[in-house]
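Reminder, nothing fancy here: chain letters follow the sequence lines and each chain counts from 1.
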Amino acid sequence: MILRINGEEKDVVKCDTLLELINTKRLKAERIVVEHNHKIVLKEHWHEVSLNEKDNIEIVSFVGGG
Amino acid sequence: MEDILKIADKIIHNRLLIGTGKFPDKSLVRKVLEASQAEIVTVALRRVDADSADENILDYIPESCIVMINTSGARDADEAIRIARLGQAFGCGNWIKIEVISDNKYLLPDNTETLKATEVLVKEGFTVLPYMSPDLSMAKRLVDAGAGAVMPLGSPIGSNRGLKTEELVRIMVSEIEIPVIVDAGIGWPSEAAACMELGCAAVLVNTAIATADDPVATAEAFSLAVRAGRTAYLNSGIAVNESANSSSPLTGFLRNIK
């Protein structure tokens, strides 16, 4: 399926939920924050968010900064 | 009486704030924070690169520190607000350094957008520390908006040029009742001490420590300088004179002075 992840269109293995996508990408839940179509989704709710073609996903994490 | 800094409802003992960008090796961050005993530490949020997602700066920050998320990368108030909300969702507190920059050469803050973001985020319960160009009327507006402190720049970010904005910062210190923290441009410990001597509440340093030959020793030097400057501010009260004023008796050693 096609998803827009962090600003880039990506062809990814079909995922029914946000949780599946995160697991596919092998990201550690405790290290990231996720937006689905511009809405922040806390990790407790990832399994409830179903994904559709062309959905917009942002995945962010902390880095060093001043 | 113990000299403490209060921002929002937090009591801070160490007036050196440290930024975690540009360290050649992340493990240095922990050593620097331990050596300096800094209590407030800034971090940034970025899109995850799936290949480097395992490295997280938070792993190197002691739990006792207040983690302040900066909104670097934001070009307007809406982007800063979005970054702040993402940071809050992570669950490491609600301290936010508003940094709205639309100029890529000097990285100077956009005070108007900064004020807009501050107004919104304070209402949402964030403790907001805006990075700003030193300007008294804007600082007053930020106080009215509920900022926890104001953070005027000393000189452009990462320039190590020192406190070039001294006169404007001095006016802010004299007129603003919330803490004034110099953020950006401080290159040497003596410059951090100078900020404290003129009455700033704290100093935020990143580049000068992170890019030093020995970041840990340099962080210690900054920590000492900030303490020295603060102690002098509280206790010295010296007068500056045009002419000399002898420190030794002038009664004459071999002959009398007329």
Side-chain angles (χ1 to χ4, degrees), chain A, chain B residues 17-26 28-29 32 41-61 67-73 82-92 97 99 107 131 157-158 183-186 204-211:
Chain A
M1 67 190 302
I2 304 289
L3 294 172
R4 195 169 177 80
I5 302 174
N6 286 349
E8 283 180 32
E9 289 215 339
K10 292 267 164 86
D11 195 350
V12 298
V13 180
K14 173 137 180 53
C15 300
D16 291 328
T17 67
L18 197 51
L19 180 63
E20 262 183 55
L21 176 71
I22 302 298
N23 287 340
T24 309
K25 293 188 81 65
R26 297 184 179 185
L27 294 169
K28 290 186 182 159
E30 66 276 13
R31 292 169 184 274
I32 56 172
V33 184
V34 180
E35 262 186 2
H36 174 248
N37 293 338
H38 304 283
K39 244 182 83 182
I40 295 168
V41 184
L42 298 180
K43 57 176 170 279
E44 298 78 43
H45 299 292
W46 289 348
H47 68 283
E48 300 162 7
V49 176
S50 47
L51 294 183
N52 296 302
E53 289 287 332
K54 305 272 181 168
D55 275 0
N56 203 318
I57 314 285
E58 286 282 346
I59 307 170
V60 299
S61 178
F62 287 105
V63 297
Chain B
L17 284 57
I18 291 186
T20 57
K22 297 186 194 165
F23 280 89
D25 170 1
K26 286 198 195 72
L28 278 169
V29 171
V32 156
V41 180
T42 60
V43 298
L45 266 188
R46 280 296 174 275
R47 283 171 162 170
V48 167
D49 170 358
D51 302 327
S52 63
D54 278 350
E55 276 271 75
N56 189 311
I57 193 74
L58 296 182
D59 294 342
Y60 302 95
I61 299 176
V67 173
M68 180 157 70
I69 298 155
N70 73 30
T71 67
S72 65
R82 185 175 170 206
I83 293 170
R85 289 173 181 159
L86 281 166
Q88 189 183 40
F90 200 95
C92 61
K97 167 181 159 178
E99 186 178 328
L107 302 177
Y131 169 61
I157 294 174
D183 176 7
I186 300 303
L204 197 163
V205 180
N206 186 349
T207 301
I209 293 172
T211 63

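Between chain A and the options B:Leu45, B:Leu17, B:Asn206, B:Val29, heavy-atom pairs under 4.5 Å are most frequent for B:Leu45. By number of non-hydrogen pairs under 4.5 angstrom with chain B, the leading residue of A:Leu42, A:Ile40, A:Val41, A:Ile5 is A:Ile40. When the candidates B:Arg46, B:Glu99, B:Met68 are compared by the number of heavy-atom contacts under 4.5 Å with chain A, B:Arg46 comes out ahead.
Listed here is the closest heavy atom pair of B:Ala89 and A:Val33: CB-CG1, 3.7 Å. The minimum heavy-atom distance between B:Val48 and A:Asn6, with the atom names listed, is O-ND2, 3.2 Å. Residues A:Ser61 and B:Asn56 come closest through the heavy atom pair OG-ND2, 3.7 Å. When all heavy atoms of A:Gly64 and B:Ala44 are compared, the closest pair comes out as O-CB, 4.0 Å.
When heavy atoms are compared at a cutoff of 4.5 Å, A:Ile59 approaches chain B by way of both its backbone and its side chain. In this structure, no portion of B:Phe23 lies under 4.5 Å from any heavy atom of chain A. Of the two parts of B:Lys97, only the side chain, counted from C-beta on, holds a non-hydrogen atom closer than 4.5 Å to a non-hydrogen atom of chain A.
One finds the CD atom of A:Glu35 at 9.5 Å from the CZ atom of B:Arg47 (value rounded to the nearest 0.5 Å).
Crowding of A:Lys14 atom NZ: a count of heavy atoms from other residues, nucleotides or ligands under 6.0 Å exceeding 12.
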* Using the side chain to side chain contact (heavy atoms under 4.5 Å, CB included) rule, take A:Arg31 and B:Asp59 through it: C-alpha gap first, then chi angles, then the decisive distance, then the call. => CA-CA 10 Å; A:Arg31 292 169 184 274; B:Asp59 294 342; 2.9 Å; yes
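B:Ile69 has its side chain within reach of A:Phe62: a pair of non-hydrogen atoms, C-beta onward, lies under 4.5 Å apart.
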